[in-house]
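See structure below.
The first residue of the sequence shown is numbered 1, and numbering continues consecutively from there. Computed from a predicted structure; not experimentally measured. Any value given below was found using the heavy atoms of this structure, including those in side chains, with hydrogens, waters and symmetry copies removed.
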Amino acid sequence: MNIFKAMAVTSVEEATRSIPVIDFGPAFTREPGGLDAVARDVRRACESIGFFYLAGHGVPDEIVDAAFAASREFHAMALEDKMRLKINENNIGYLPVNQSMQRASTVHKATRPNYNESFFISHDRDADHPDIVAGTPLRGRNQWPEGHERMRAAMVRYFKTLEGVGERMLPVLARALDMPAGHFAPSFENEAHINLRFLHYPPQETEDDEQFGQGPHTDNSFITMLARQDVPGLAVRLPGGEWLAPPVIPGTFLVNLGNVMKRWSNDRFLSTPHGVLNDSGTDRYSMAFFYSPSTASIIECLPSCTGPDDPPHYPPAVYRDLVLDFYNANYFLREGYAAKEVS
């Protein structure tokens with residue numbers, strides 16, 4: 001029996017309540033006292049579970065629906081056409097099935113590649129963008145298939161819309177960590193490091209207890225905003241060690257914190273393990289928006305998260321280095337991939 005089922009929650013209803021639904025509307029619309037009120041709710045969620053449902057975000061359903069339709073259009077393309085867009089050194093493009101493994105995971109020893117295919121995009125930069133001309137690492141161009149202009153437009157629109165949501169969340173997250181509302185904004189200037197991953201999980205046989213759509217892991221992001229549809233598959237590990245399948249709540253995004261937030265907050269905020277197993281018998285699609293600071297940003301302990309009895313747990317680090325270490329550990333295409341031979 002796989003780990004998600006062997007250690008499943010005993011009371012789904014009770015466990016589900018542990019992931020709160022937080023209405024960001026009062027903060028986003030600048031209601032008096034709204035920012036700090038929402039920040040208090042976010043603080044409780046981030047310290048206790050590391051996940052919450054984002055409501056009141058203002059993203060129209062049609063933008064989300066169009067992005068899901070675009071994802072299905074991409075994944076329905078012939079494999080040879082998708083392979084022309086194979087993921088590159090900037091982690092942009094098509095990642096085929098069984099071409100990644102959660103080697104960086106500290107919560108489960110992966111022995112099988114991830115059974116999903118993904119299409120990654122980032123900022124839609126032109127050829128004359130200064131970072132493209134300079135060949136700056138992790139600042140590359142998107143790869144697009146010819147003849148799919150509506151698909152491209154829907155994906156870029158979704159990317160830009162969620163980028164705006166992320167920017168509006170920064171003051172809330174800063175106040176949740178007892179920092180000034182504008183603290184995080186400078187680290188996200190000049191095109192924050194964002195990967196939008198359009199995921200397709202084919203239905204899989206479940207006799208192999210070590211085969212996952214996405215092995216148990218923590219994200220390497222600052223925060224991740226996840227859009228899902230009705231097909232189940234996601235599992236989240238609760239602080240007690242049990243695994244929960246969080247329900248889809250219409251009109252919300254499921255948000256989790258990543259390792260960058262955990263490091264910045266000196267482990268005050270949780271980066272919670274999660275994974276995917278699609279045993280539904282049908283195809284599953286999701287969209288993961290990984291929102292993180294600019295690659296040159298220095299990640300070091302916030303002054304509100306350290307003191308005489310709790311020194312910094314991590315040395316200062318350039319975010320670019322953290323990203324590359326993560327990619328090298330997980331993606332087979334990387335020259336620095338730690339272990340290409342898998343069992």
Side-chain angles (χ1 to χ4, degrees), residues 50 87-93 95 99-107 110 114 118 120-123 125 129-142 163 166-167 170 173-174 177 179 183-197 214-215 217-224 256-273 288-306 311-340:
I87 193 168
N88 58 27
E89 69 280 359
N90 293 308
N91 215 65
I92 294 173
L95 181 69
Q99 288 298 304
S100 67
M101 184 184 287
Q102 303 302 150
R103 292 288 194 185
S105 175
T106 60
V107 299
N114 294 312
S118 304
F120 290 86
I121 70 169
S122 189
H123 298 275
R125 302 180 176 100
H129 188 289
D131 288 332
I132 302 302
V133 175
T136 305
L138 302 176
R139 308 273 287 189
R141 297 190 70 194
N142 287 326
E163 181 184 19
E167 291 171 351
L170 290 178
L173 294 165
L177 286 163
M179 296 297 293
H183 178 80
F184 284 127
S187 297
F188 289 77
E189 292 176 349
N190 186 29
E191 297 182 346
H193 183 70
I194 303 174
N195 277 127
L196 172 53
R197 185 175 187 177
Q214 194 81 25
H217 67 287
T218 56
D219 290 346
N220 198 52
S221 58
F222 178 68
I223 60 171
T224 303
N256 66 275
L257 312 180
N259 300 336
V260 173
M261 176 66 92
K262 183 176 185 286
R263 188 180 187 115
W264 236 332
S265 69
N266 212 32
D267 297 325
R268 179 179 174 183
F269 280 6
L270 305 178
S271 179
T272 299
F289 186 85
F290 301 104
Y291 186 62
S292 298
S294 303
T295 54
S297 297
I298 304 297
I299 311 301
E300 57 183 328
C301 180
L302 296 173
S304 62
C305 298
T306 187
H313 303 174
Y314 310 93
V318 179
Y319 179 59
R320 180 189 303 108
D321 297 338
L322 300 176
V323 174
L324 291 174
D325 285 347
F326 183 82
Y327 289 170
N328 288 343
N330 289 316
Y331 295 108
F332 295 178
L333 70 110
R334 306 290 304 183
E335 290 184 4
Y337 179 66
K340 291 182 183 289

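- Side chains of Ser294 and Asn190: no donor on one and acceptor on the other come within 3.5 Å.
- Using cut-offs of 30° and 60° on the angle between ring planes, the pair Trp264 and Phe222 is perpendicular.
- Considering only heavy atoms from C-beta on, His123 stays 4.5 Å or farther from His129 through its side chain.
- Looking at Glu89 and Tyr327, their side chains never come closer than 4.5 Å, going by heavy atoms from C-beta outward.
- Considering only heavy atoms from C-beta on, Thr218 comes within 4.5 Å of Asn259 through its side chain.
- Side-chain contact check for Pro303 versus Met179: some heavy-atom pair is nearer than 4.5 Å.
- The minimum heavy-atom distance between Pro315 and Arg263, with the atom names listed, is O-NH2, 2.9 Å.
- Residues satisfying the side-chain contact (heavy atoms from CB on, under 4.5 Å) criterion with Asn142, sequence neighbours excluded, are Ile92, Ile121, Ser122, Asp124, Trp144.
- Taking the side-chain contact (heavy atoms from CB on, under 4.5 Å) definition, one finds that Pro316 meets it with Ile298, Glu300, sequence neighbours left out.
- Atoms OG and CG, from Ser118 and Leu196 in turn, are 10.5 Å apart once rounded to the nearest 0.5 Å.
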When you look at Glu163 and Phe289, which way does the side-chain contact (heavy atoms from CB on, under 4.5 Å) test go after all the steps?
-> CA-CA 9 Å; Glu163 181 184 19; Phe289 186 85; 4.3 Å; yes
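- Put simply, the side chain of Asn220 does not reach to within 4.5 Å of the side chain of Asp325, judged on heavy atoms.
- Met261 has its side chain within reach of Leu173: a pair of non-hydrogen atoms, C-beta onward, lies under 4.5 Å apart.
- In this structure, the side chains of Thr295 and Pro137 stay at 4.5 Å or more apart for every pair of heavy atoms.
- By the side-chain hydrogen bond (donor to acceptor under 3.5 Å, both in side chains) test, Thr306 is found to be paired with no residue, residues two or more places apart in sequence or in another chain being considered.
- With rounding to the nearest 0.5 Å, the separation of CG in Leu270 from CG in Leu257 is 7.5 Å.
- In this view, Tyr291 and Phe188 satisfy the ring-ring contact (aromatic ring centres under 6.0 Å, His included) rule, not counting sequence neighbours.
- Taking the side-chain hydrogen bond (donor to acceptor under 3.5 Å, both in side chains) definition, one finds that Ser297 meets it with nothing, sequence neighbours left out.
- The closest side-chain heavy-atom distance from Leu302 to Arg268 is not below 4.5 Å.
- Considering all non-hydrogen atoms of both residues, Pro312 and Cys301 come closest at CB-CB, 3.9 Å.
- Looking at residues two or more places apart in sequence or on another chain, you find a side-chain contact (heavy atoms from CB on, under 4.5 Å) between His313 and Asn266, Asp267, Asp310.
- Between the OG atom of Ser271 and the CG atom of Asn256 there is a distance of 7.0 Å, given to the nearest 0.5 Å.
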Walk me through it: do Leu95 and Ile87 pass the test side-chain contact (heavy atoms from CB on, under 4.5 Å)?
-> CA-CA 6 Å; Leu95 181 69; Ile87 193 168; 3.9 Å; yes
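- Scanning all heavy atoms of the two residues, the minimum distance from Asp131 to Arg139 falls at OD2-NE, 2.8 Å.
- Formation of a donor-acceptor pair under 3.5 Å by the Arg197 side chain with backbone atoms of Phe120 is not found in this model.
- Between Leu170 and Ala185 the shortest heavy-atom distance is CD1-CA, 4.2 Å.
- When every heavy atom of Cys305 is checked against every heavy atom of Ser265, the shortest pair comes out as CB-O, 3.3 Å.
- Smallest separation of non-hydrogen atoms from Pro293 and Ile299: CG-CD1, 3.9 Å.
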